[in-house]
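A short write-up of the structure that comes next.
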Amino acid sequence: MKNCEYRQIEPQGLGTPNAAPPPPAGANDADTRAKRRRKWEVFPGKNRFYCDGRIMVARQSGVLPLTLGLIVLTSCLFFVFDCPFLVEHVTSCIPAIGGALFAFVIISLLQTSFRDPGILPRATADEAAYTEKQIDDSASSSYRPPPRTLEVIINQQVVKLKYCFTCKMFRPPRTSHCSLCDNCVERFDHHCPWVGNCVGKRNYRFFYAFIVSLSFLTAFIFGCVTTHLTLRSQGGKGLITAVQESPASALELIVCFFSVWSILGLSGFHTYLVASNLTTNEDIKGSWSGNSGVQNTVNPYSYNNIFANCCAVLCAPLPPSLIDRRGFLPTQESPPAAQPQVELPVFVGKSDLTVEDTCQDFALSCTG
Amino acid sequence: MATEFHNLQELRHSASLATKVFIQRDYTEGTVCKFQTKFPAELDSRIERSLFEDTVKTLNNYYAEAEKIGGQSYLEGCLACATAYVIFLCMETRYEKVLKKISKYIQEQNEKIYAPRGLLITDPIERGMRVIEISVFEDRGSSGSSSGSSSTSSSSGR
């Protein structure tokens, strides 16, 4: 009934670019030759993708343009108006240090904003059905719906895993669903409007680097501008004259003064969180401070050693993105959620090279 | 006893998907990626317990190696920080290298052990590292399949 070629899978042949199979004779010809869609185009969460899926941000970019604008504007004013004076009167290291800090701040900010924070892909239809069955099996027959929580023991501590109705799965520990992005994010810290993205497992270290370096940059600019104005106002000129000579410095002073306290405060807070291996979410909810419940709850994820916690949070290997946004969708019309049911008939209809095709796609998407 | 298939192609041709079994994550040690080694009842007649447990244990070891916090990860972290994380654009992280090893291992296991028994393991990375999905195939029977009929001859004794 189906005209299929027989070809053995060659494990060595997987992943090689020229092993791409010629499309089989049949209805799928047009599909495979036409532009294949990437997974980011059908992503169910509220995110926006640029550069063909390489860059992602939350749907509401929040005040990211403002953050970028403020940093860039203040730094440019600093380099243009204050640095010449300071190079002449103090030292020429100042623009070098300022430049390095500025570059680091911008790069960390972009890394935080454009990276996948650790989004968990939604459960496939089969997995969701399997989970539902497990819940129904374990519930006694009653008129009330069964409680959608699962208890696990982590390091001798009881942790309740909640069922996410949007993503149709039990959330792993420390995962939370962000309503702004409509995604479950692993090790969810918070949704930061300043960077326009969630802060989670994959971009927490960049966020931390951003706020620490920004506090250094702000303090540095504040110090330099104060020095500049002080030096200018010496020699009987007075402060007002100095400000009139260099009005940009006054603007920088105001911006830095108002932001340095909040940014330093935030850095201090996150340093505490890093040292105790907590997330903002857990800290705010008081999950481990013993407020909820009678038992003595201890943070089960902490290594009880500040250095170990810092290393675990900041220096742990960076996990890969689980949503595979640049991967290709299987060449069929149905959306990914219905994929498993439709998959097998399509495989049977295509040639034997389907498994190789899928594996190759995966291999390519890993490296792409 | 078990349905015999000689390779994955025959599996696709003459078998139909009966059910999928999902091996869940084991969170007893925290958020590290580890899967439960509990043998699911649905696979009872399809594969030996020891083979299954070996596969899951090896996968767990690979994931532990990928997520290990030690000398190399510190070095990678510090180097990345010093280069303002630009190095991630050029270099493949250790995690990614281990993931490639894992996918090769799964492919090999499928070829050697699971496909001959009518099973297929899906790489956990394709399911968000939440489950190991094992597809259980049932032989469709000798009527209707044009190729791979040699595989159906040994199938009836189950």
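Below, chain A is the first sequence line, B the second, and so on; all start at residue 1. Since we're looking at a predicted model, the values are computed, not measured.
Heavy-atom neighbours of B:Lys97 NZ from other residues, nucleotides or ligands within 6.0 Å: above the threshold of 12. A:Ile306 CD1: 12 or fewer foreign heavy atoms inside a 6.0 Å radius. Shown here is B:Tyr105, whose OH atom has more than 12 heavy atoms of other residues, nucleotides or ligands within 6.0 Å.
Residues A:Pro320 and B:Ile125 form a side-chain contact, since some pair of their non-hydrogen atoms from C-beta on lies under 4.5 Å apart.
Neither the backbone nor the side chain of B:Lys104 comes within contact range of chain A, judged by heavy atoms closer than 4.5 Å. In this structure, chain B has a heavy atom under 4.5 Å from the backbone of A:Arg122, while its side chain stays farther away. In this structure, the portion of A:Ile107 lying under 4.5 Å from any heavy atom of chain B is its side chain and not its backbone. Contacts between B:Cys81 and chain A at a heavy-atom distance below 4.5 Å involve backbone atoms as well as side-chain atoms. The part of A:Tyr303 that comes within reach of chain B is its side chain, from C-beta onward, which places non-hydrogen atoms under 4.5 angstrom from that chain. If you measure heavy-atom distances from A:Ala209 to chain B, the contacts under 4.5 Å come from the side chain alone. Both the backbone and the side chain of A:Pro173 come within contact range of chain B, judged by heavy atoms closer than 4.5 Å. Heavy-atom distances place the side chain of A:Arg115, and not its backbone, under 4.5 Å from chain B. When heavy atoms are compared at a cutoff of 4.5 Å, A:Ile119 does not approach chain B at all.
Listed by sequence position, B:Ala66, B:Glu67 are the residues of residues 50-67 of chain B in contact with chain A, using a 4.5 angstrom heavy-atom cutoff. Interface residues of residues 23-32 of chain B toward chain A, defined by a heavy-atom distance below 4.5 Å and sorted by number: B:Gln24, B:Tyr27, B:Thr28, B:Glu29, B:Gly30, B:Thr31.
Among A:Thr131, A:Leu314, A:Ile153, A:Val152, the residue making the largest number of heavy-atom pairs under 4.5 Å with chain B is A:Ile153. With chain A as the partner, the residue from B:Glu108, B:Met129, B:Gln72, B:Arg94 showing the most heavy-atom pairs under 4.5 Å is B:Met129. Per-residue counts of heavy-atom pairs under 4.5 Å with chain B were compared for A:Ala103, A:Pro300, A:Ala129, A:Pro172; the largest is that of A:Pro172.
Contact detail for B:Val21 and A:Tyr130: the closest heavy-atom pair is CG1-OH, 4.4 Å.
Exactly one of B:Arg127, B:Arg130, B:Lys20 qualifies for a side chain to side chain donor-acceptor pair (under 3.5 Å) with A:Glu127. That residue is B:Arg130.
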